[in-house]
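The first residue of the sequence shown is numbered 1, and numbering continues consecutively from there. Counting convention: from 1, in listed order, for ligands and their atoms alike.
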Amino acid sequence: MEIIRTPAEMTAWANQVLADGQTIGLVPTMGFFHAGHLCLMRKAREKADRTVVSLFVNPIQFGVNEDLARYPRDFSRDSQLAEAEGVDVLFAPEAQAMYPPEASTRVIVSGVTEGLCGASRPGHFAGVATVVAKLFHIIKPHCAVFGRKDFQQLTVLERMVADLNWDVEIIGHPIVREEDGLAMSSRNVYLSAQERQTALCLFRAIGHARRRVRTGLVEAKVLLLEVEALLQQEAVTIEYVSLVDQATLQPQAVLRKGTVLAMAIQVGATRLIDNDNLFDD
Ligand code: AMP
């Protein structure tokens with residue numbers, strides 16, 4: 001596996017691969033890999049001839065009071081894991097190389113960025129869309145794999161490529177969970193043993209919502225109250241609990257195919273998100 005540190009070298013590699021008539025699959029990440037990241041890498045390998053994983057803790061998607069400085073990092077472990085997955089290139093640029101001082105462009109997606117995480121993290125999705133747009137230009141992938149764990153992010157990026165007529169296939173990968181149901185996240189290392197138990201309320205909430213939908217509940221208002229009550233049994237602060245349409249991210253009054261339960265909570269100092277498409281098998 002090659003480790004590439006500069007956008008210019010990355011593009012030179014991509015141009016060579018394209019000249020050879022091969023396709024490129026990209027997995028954008030912020031590193032500190034867990035099994036979820038590795039599944040995305042496997043998916044990219046299935047879909048394209050060559051696989052690039054980007055590892056970049058993107059400063060412009062963090063708010064001023066967020067965890068940029070303490071975001072977990074372990075480059076040598078990450079590079080071993082990526083190599084073991086058969087990744088061809090780990091692209092790990094410095095922040096300076098991605099955002100030289102004169103850089104002044106942001107990609108702004110409106111609408112789908114406004115609710116859910118966008119409401120409490122102003123500028124976050126502009127940071128995400130901007131870095132992904134840059135990665136697409138630098139790496140020239142045919143497809144890019146993103147996790148449904150960050151379901152709003154996936155929707156925002158689908159919007160971006162559609163709106164900008166970008167010839168990149170965006171592939172959504174199902175959420176990868178720990179055995180007890182907690183969605184895998186690099187940020188789970190922040191949780192104490194007790195917080196780790198508390199965090200399971202998200203998965204319990206999903207189980208409850210699925211059961212209620214299966215038994216014919218259609219009123220979103222009722223389900224929202226039930227889910228909130230269930231979460232409030234634990235020592236968590238609810239940021240949002242929403243039932244939204246999977247494509248528009250608009251709140252739904254009536255539960256139906258395509259309705260997603262999306263949640264963000266704070267457990268101690270750690271912010272956790274989870275979601276579930278309630279009518280999926
Ligand atoms: P991150 O490094 O947290 O920015 O995540 C990189 C990619 O991995 C994003 O597309 C995430 O949605 C995806 N991802 C993170 N955790 C999971 C998970 N538990 N299941 C599936 N995809 C995930």
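The ligand atoms of ligand 1 that sit less than 4.0 angstrom from a heavy atom of F146 are 10 (O). In the vicinity of M184, heavy-atom distances shorter than 4.0 Å reach the ligand 1 atoms 16 (N), 17 (C), 18 (C), 19 (N). Ligand-side atoms of ligand 1 in range of I175: 20 (N), 21 (C), range being under 4.0 angstrom from any heavy atom.
The shortest contact between atom 20 (N) of ligand 1 and any protein heavy atom is with V176 N, 2.8 Å. Looking only at protein heavy atoms, the nearest one to atom 23 (C) of ligand 1 is K149 CB, 4.0 Å. Nearest protein neighbour of atom 12 (O) of ligand 1, counting heavy atoms only, is D150 OD2, 2.6 Å. Taking atom 8 (O) of ligand 1 as the reference point, the nearest protein heavy-atom neighbour is L40 CD2, 3.3 Å. For atom 10 (O) of ligand 1, the closest heavy atom belonging to the protein is G147 N, 2.9 Å. Regarding atom 6 (C) of ligand 1, its nearest protein heavy-atom neighbour is P28 O, 3.4 Å.
Taking CZ of F151 as the start and CD1 of I273 as the end, the distance is 10.0 Å to the nearest 0.5 Å.
In H37, the part holding a heavy atom less than 4.0 Å from any atom of ligand 1 is the side chain. With a 4.0 Å heavy-atom cut-off, ligand 1 is reached by the backbone of M30 and by its side chain too. Contacts of P174 with ligand 1, taken as heavy-atom pairs under 4.0 Å, involve the backbone alone. At a 4.0 Å heavy-atom cut-off, ligand 1 does not touch L154 at all. Here H34 has side-chain heavy atoms under 4.0 Å from ligand 1, and that is the only part of it that gets that close. Here S185 has no heavy atoms under 4.0 Å from ligand 1, in either its backbone or its side chain.
Taking the charged nitrogens against the carboxylate oxygens, E85 and R45 have no contact shorter than 4.0 Å, which rules out a salt bridge.
The aromatic rings of F56 and Y99 are tilted relative to each other, their planes meeting at an angle between 30° and 60°.
With E239 as reference, R271 is the one residue of R271, Q266, R121 to meet the side chain to side chain donor-acceptor pair (under 3.5 Å) rule.
Under the 4.5 Å side-chain heavy-atom criterion for grouping Ile, Leu, Val, Met, Phe, Trp and Tyr, F91 is connected to V128 within one hydrophobic cluster.
For the pair R70 and Y190, the cation-pi criterion (under 6.0 Å, within 45° of the ring axis) is fulfilled.
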In residues 162-170, what donor-acceptor pairs under 3.5 Å come from side-chain atoms, sequence neighbours left out?
unit_1 : atom_1 : unit_2 : atom_2 : d
D163   : OD1    : R159   : NE     : 3.1
D163   : OD1    : R159   : NH2    : 2.9
D163   : OD2    : R159   : NE     : 3.4

Would you give me the side-chain donor-acceptor pairs under 3.5 Å for residues 129-137, sequence neighbours excluded?
unit_1 : atom_1 : unit_2 : atom_2 : d
T130   : OG1    : V107   : N      : 2.8
T130   : OG1    : A126   : O      : 2.6
K134   : NZ     : M98    : O      : 2.9

Salt bridge (charged side-chain N to carboxylate O under 4.0 Å, His left out) evaluation trace for D78 with R73: CA-CA 9 Å; D78 283 350; R73 291 167 167 88; over 6 Å; no
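The minimum heavy-atom distance linking H37 with G31 is given by the pair CE1-O, 3.7 Å.
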